[in-house]
4 protein chains.
Amino acid sequence: MSSTEKRLSAPEKAAARRAQVLAAAAECFSRSGFHGASMAEISKAAGMSAGHIYNYFDGKDAIIEAFVAANVERVSAIMRDLAQHKDPVQAMIDNAEETVVEHLQPNFYVMPLEIAAEASRNPKIAQALQAADISSRTQFRVLVQRARELHQLPVDDDTLDLCVETMIAFFHGLPMRALHHPNLNQAALVKGMRIAMRAIMLG
Amino acid sequence: MSSTEKRLSAPEKAAARRAQVLAAAAECFSRSGFHGASMAEISKAAGMSAGHIYNYFDGKDAIIEAFVAANVERVSAIMRDLAQHKDPVQAMIDNAEETVVEHLQPNFYVMPLEIAAEASRNPKIAQALQAADISSRTQFRVLVQRARELHQLPVDDDTLDLCVETMIAFFHGLPMRALHHPNLNQAALVKGMRIAMRAIMLG
Amino acid sequence: MSSTEKRLSAPEKAAARRAQVLAAAAECFSRSGFHGASMAEISKAAGMSAGHIYNYFDGKDAIIEAFVAANVERVSAIMRDLAQHKDPVQAMIDNAEETVVEHLQPNFYVMPLEIAAEASRNPKIAQALQAADISSRTQFRVLVQRARELHQLPVDDDTLDLCVETMIAFFHGLPMRALHHPNLNQAALVKGMRIAMRAIMLG
Amino acid sequence: MSSTEKRLSAPEKAAARRAQVLAAAAECFSRSGFHGASMAEISKAAGMSAGHIYNYFDGKDAIIEAFVAANVERVSAIMRDLAQHKDPVQAMIDNAEETVVEHLQPNFYVMPLEIAAEASRNPKIAQALQAADISSRTQFRVLVQRARELHQLPVDDDTLDLCVETMIAFFHGLPMRALHHPNLNQAALVKGMRIAMRAIMLG
DNA sequence: CATGAATGAGGATTCATTCAT
DNA sequence: GATGAATGAATCCTCATTCAT
């Protein structure tokens with residue numbers, strides 16, 4: 001993190017500026033990709049001169065890194081929501097339709113794919129992704145454990161690993177599935193997800 | 001086809017050259033990405049001058065397209081293998097470990113991610129992906145139907161959609177999962193996949 | 001206009017830069033031709049980096065177009081001068097020597113030839129040339145009419161066409177003549193032109 | 001000349017090949033200009049491999065030179081025709097319409113303009129043009145002299161220079177005029193030319 | 001803080017020319 | 001003779017980055 005931030009005299013304004021750039025970057029990155037988006041494009045979207053961006057970020061790579069860091073937490077957000085429920089697994093199953101619909105929107109699935117592709121070549125991005133994944137799966141693990149205890153199911157390590165890895169793999173597949181088959185039978189997929197969730201986590 | 005190929009008089013040599021370029025491109029693309037790889041890099045890897053490549057491909061985009069076309073059929077190959085078995089679903093379940101291990105190799109999962117990211121911005125690539133997907137899921141559908149008939153399970157359209165979409169989504173998630181958690185508990189994931197397969201396709 | 005100009009915030013400086021580029025282009029174009037002159041050559045002559053030129057012009061074609069637009073008005077300037085005289089045709093005849101001498105200078109006749117050659121292949125340039133010609137011959141027509149009325153000669157359309165087209169053809173021939181015979185008998189040509197002018201316009 | 005030809009063992013076939021290339025070049029040059037036409041384009045038009053052309057010409061420049069040499073004689077051809085007539089000047093005046101019509105065809109006027117532009121930058125081409133001009137004007141001079149003697153008009157050097165230079169300048173202007181005003185009043189121009197011819201050569 | 005003019009390295013692409021076959 | 005595969009230099013253009021103002 002220290003490598004992607006710069007010390008500035010008016011911290012709160014600087015943070016706002018950084019956010020402004022990142023918001024603009026979101027627009028440009030999802031439209032043109034990390035490498036297709038130019039600093040000029042970003043600066044225009046940010047309503048700020050290209051040169052000025054360099055007062056807040058060390059360069060384009062730093063913007064990408066900061067952007068990824070900010071966008072990588074999405075799964076965690078879902079976890080926090082689920083954590084509210086008494087039976088988080090049941091909540092997941094109940095939310096399945098909503099989740100699928102959300103993932104079929106191009107403006108939802110484009111950025112994860114872009115980020116993944118970048119991560120597969122850029123170790124810094126990969127690290128950010130993996131760090132976020134640790135946090136996500138740790139949170140998820142707790143929720144699954146709670147649910148399984150509620151259902152009086154075993155909660156040994158391997159079983160929890162099984163639930164966590166399999167389920168997250170599933171969610172990770174949705175953006176790719178949407179890309180390959182934009183008009184898929186949504187109802188069928190929702191039904192299939194529910195079956196899988198139940199079988200994996202409550203079976 | 002006509003847009004990504006060029007007619008040359010010595011067909012077999014020309015085809016060899018094209019293959020040579022595509023092989024070099026594979027190396028460079030997976031190392032640097034479609035946009036990060038320069039024609040100079042590719043030409044060096046192909047052992048041929050940059051200019052000469054243009055005798056075989058209309059430009060970098062044509063190389064990417066041809067490369068994607070050649071790499072997009074992998075799922076189909078898996079389908080063909082499965083089609084050999086009397087009970088293809090059981091064969092999938094039996095092969096689960098092998099499949100997972102394969103997908104955990106970086107040199108396996110990098111290109112699908114790169115291709116997906118490109119497809120999310122490049123309509124031509126998206127079309128290639130979607131066309132390949134039609135063929136894959138049609139093949140897969142047939143296999144699932146055969147297996148379900150064998151097991152005397154219903155084979156209505158929605159049910160087959162459910163099996164096909166959910167299972168493919170699952171497989172699509174593996175590369176992303178591998179990227180996010182390279183050292184995941186492989187045995188647990190295999191076990192989870194088997195549970196999911198059985199529940200979805202044979203439940 | 002909009003296609004050959006770019007809006008920049010400091011208008012007067014931008015205009016100066018554009019002029020600087022066009023001046024450099026004049027040098028390079030007349031030395032190497034439109035296609036022989038490279039952007040690197042132009043940028044060096046303009047004392048500015050090649051990349052920077054693209055902040056003022058959309059590309060080399062835009063420079064050529066702007067350059068042609070700026071150079072195509074020369075005939076109009078002559079017309080404006082002639083318009084000052086009470087008897088413009090007599091003024092032309094009086095100026096004949098000066099006109100011929102001017103057209104014999106290589107740095108006068110090179111660019112019109114280059115422009116003409118370009119126009120014969122490039123529709124945009126052809127259009128610019130033809131638009132300028134409309135204006136030139138309209139102005140010239142008025143002058144001839146005034147002179148003929150002064151001399152109490154008929155001013156019907158065909159006669160005015162005759163004067164305008166024939167005389168301009170004559171002037172257009174001078175650069176080519178100079179190119180084919182650089183050391184021609186200048187005095188004889190001047191005398192010939194005067195005879196032709198009188199016969200055509202005042203006959 | 002010796003620099004644009006190559007000694008080959010079967011002279012007559014070689015000459016045919018050279019002619020074949022030059023004919024192809026005519027097509028390509030008038031379509032794309034000297035610099036816009038590629039060797040590939042020419043070789044295709046000539047029905048011969050690009051490499052093979054180098055057996056007959058030292059390079060593209062040599063083709064251009066040879067092409068210009070072959071195309072520069074057009075005025076001379078007109079002279080030869082005129083020489084047939086007892087009163088060549090009267091023949092010119094009679095032919096005026098035909099001459100104008102011919103010069104208004106784009107495929108007539110394009111090449112002279114291209115050649116002139118090239119000559120203004122390439123000394124070799126300029127020399128070819130000027131050499132051809134010497135021959136043209138010498139022939140023309142003889143014809144004018146004959147006609148003037150027929151009409152019992154003075155034939156001193158300056159007067160003949162006047163006739164020759166002024167008239168040729170006129171003809172040189174026609175292609176440029178056609179380019180600037182493709183739909184000009186042809187009849188008026190013909191009439192104007194006749195007036196000018198009579199005034200200059202028979203006045 | 002903020003601008004945007006300016007740079008220069010790097011990228012894709014074209015093309016005259018060569019040479020092994 | 002004849003081919004066309006192969007080269008590599010040159011060209012136009014883009015873009016991240018810097019810096020004077």
Side-chain angles (χ1 to χ4, degrees), chain A residues 8-10 13-14 17 35-44 46-64, chain B residues 6 8-10 13-14 16-17 32 35-43 46-63, chain C residues 8-10 13-14 16-17 35-43 46-63, chain D residues 8-10 13-14 17 35-44 46-64:
Chain A
L8 293 171
S9 41
K13 183 158 191 189
R17 286 296 204 202
H35 293 90
S38 71
M39 287 297 287
E41 192 184 343
I42 295 171
S43 75
K44 203 161 87 175
M48 170 186 322
S49 79
H52 197 37
I53 293 185
Y54 285 80
N55 288 324
Y56 301 105
F57 293 92
D58 279 342
K60 198 182 169 186
D61 282 351
I63 299 178
I64 295 177
Chain B
K6 284 195 170 184
L8 293 174
S9 46
K13 182 152 192 189
R17 285 292 197 218
S32 321
H35 294 91
S38 72
M39 287 298 288
E41 191 185 344
I42 295 172
S43 76
M48 134 183 9
S49 77
H52 195 36
I53 293 184
Y54 287 82
N55 288 326
Y56 301 104
F57 293 92
D58 280 341
K60 198 182 169 186
D61 281 354
I63 300 178
Chain C
L8 292 175
S9 46
K13 180 150 195 190
R17 285 294 196 216
H35 293 91
S38 71
M39 287 298 290
E41 192 184 341
I42 295 171
S43 75
M48 134 182 14
S49 76
H52 194 36
I53 293 184
Y54 289 82
N55 288 326
Y56 301 105
F57 293 92
D58 279 342
K60 199 182 168 186
D61 281 353
I63 299 179
Chain D
L8 293 170
S9 40
K13 183 158 191 186
R17 285 298 203 199
H35 291 89
S38 71
M39 288 297 287
E41 192 184 343
I42 296 171
S43 74
K44 204 162 86 175
M48 169 185 323
S49 79
H52 198 35
I53 293 184
Y54 286 80
N55 289 324
Y56 303 106
F57 293 92
D58 279 343
K60 198 181 168 186
D61 282 351
I63 299 179
I64 295 177

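Below, chain A is the first sequence line, B the second, and so on; all start at residue 1. For the numbers below, each heavy atom of this structure counts, side chains included, while hydrogens, waters and symmetry mates do not.
Spacing between atom NZ of C/K13 and atom P of E/dG4 amounts to 13 Å, rounded to whole angstrom units. Rounded to whole angstrom, the span from the CZ atom of C/F57 across to the C1' atom of F/dT14 amounts to 18 Å. Per the geometry, CE belonging to D/M48 stands 10 Å off P belonging to F/dG1, to the nearest Å. When the P atom of E/dA2 is taken as reference, atom CD1 of A/I53 falls 12 Å away, rounded to whole Å.
OP1 or OP2 of E/dA2 sits under 4.0 Å from a side-chain N or O of A/R17.
Note that NZ of C/K60 is 11.0 Å distant from CD1 of C/I53, once rounded to the nearest 0.5 Å.
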(message) Counting primed atoms plus P, OP1 and OP2 as sugar-phosphate and everything else as base, spell out the protein contacts along nucleotides 16-21 of chain F at 4.0 Å heavy-atom distance: B, S or - for each nucleotide, 5' to 3'.
(response) SBB---
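Stem regions for DNA chain E, each three or more consecutive Watson-Crick or G-U pairs with both distances under 3.5 Å and listed by first number, read E:2-21 with F:2-21.
Scored by the ring pair (Phe, Tyr, Trp, His ring centres under 6.0 Å) test, A/H52 finds A/Y56 as partners (sequence neighbours excluded). Residues passing the side-chain hydrogen bond (donor to acceptor under 3.5 Å, both in side chains) test with C/S38: none are found, sequence neighbours excluded. Partners of B/A50 by side chain to side chain contact (heavy atoms under 4.5 Å, CB included), not counting sequence neighbours, listed by chain and number: B/S43.
Listed here is the closest heavy atom pair of B/G36 and B/E41: O-OE1, 3.8 Å.
With distances taken from any side-chain atom of C/N55 to the nucleotides F/dT3, E/dT7, E/dT3, the minimum falls on E/dT7.
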